[in-house]
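Single-structure report; data block below.
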Amino acid sequence: MQEIKAYIQPFMLNKVETALKKLHIHGMSVCDVRGFGREKDESFPHYYQDYVVEFTPKIKIEIVCPDEDVDKIVDCIYQNGHTGRIGDGKIFVTQVIRAKSIRTGEEGEKAI
């Protein structure tokens with residue numbers, strides 16, 4: 001099993017989510033996050049009252065999937081989250097050592 005973490009532009013979430021559903025992805029987590037990378041997002045910093053907001057808002061998508069689904073999910077996120085502008089985001093893939101369902105007690109791929 002693998003975990004895919006993708007950081008995308010907030011306005012791209014609907015497009016990415018729709019495309020992932022077409023792949024029959026059975027579950028994902030989505031969080032609002034803020035951060036910065038090597039290159040500054042062209043649309044930031046924003047000024048809010050008396051301080052500068054230097055963190056760029058992003059959406060973090062997390063998906064745990066079988067090894068054979070990783071490439072198609074990563075490609076889907078890339079194709080549907082890409083604008084070509086600075087700040088498009090990143091995709092990371094890591095190995096999942098163990099998974100267990102709290103409700104059923106199933107383990108491994110059955111847990112996801």
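Hydrogens, waters and symmetry mates are skipped; everything else that's a heavy atom, side chains included, is used.
- Considering CD1 of Ile61 and CD1 of Ile8, their distance stands at 3.5 Å, rounded to 0.5 Å.
- Atom CG of Asn80 sits about 11.5 Å away from atom CG of Leu13, to the nearest 0.5 Å.
- Atom CD1 of residue Ile4 and atom CD1 of residue Ile25 lie 7.5 Å apart, to the nearest 0.5 angstrom.
- A donor-acceptor contact shorter than 3.5 Å is absent between the side chain of Asp88 and the backbone of His82.
- Atom-to-atom distance recorded for Glu3:CD and Thr94:OG1 is 4.5 Å, nearest 0.5 angstrom.
- Under a 3.5 Å cut-off, the side chain of Asp67 and the backbone N or O of Met1 do form a donor-acceptor pair.
- Although no hydrogens or angles enter the test, the distance criterion places a donor-acceptor pair under 3.5 Å between the side chain of Lys58 and the main chain of Gly87.
- Two different hydrophobic clusters hold Ile112 and Val70 under the rule that ILVMFWY side chains link at heavy-atom gaps under 4.5 Å.
- To the nearest 0.5 Å, atoms CD1 (Ile63) and NZ (Lys5) are separated by 12.5 Å.
- Taken together through direct or relayed side-chain contacts under 4.5 Å among Ile, Leu, Val, Met, Phe, Trp and Tyr, Tyr7 and Val30 form parts of separate hydrophobic clusters.
- Electrostatic pairing of Asp69 and Lys72 counts as a salt bridge here, judged by a charged N lying under 4.0 Å from a carboxylate O.
- Residues Gln95 and Gln2 meet the side-chain proximity criterion, which asks for heavy atoms closer than 4.5 Å.
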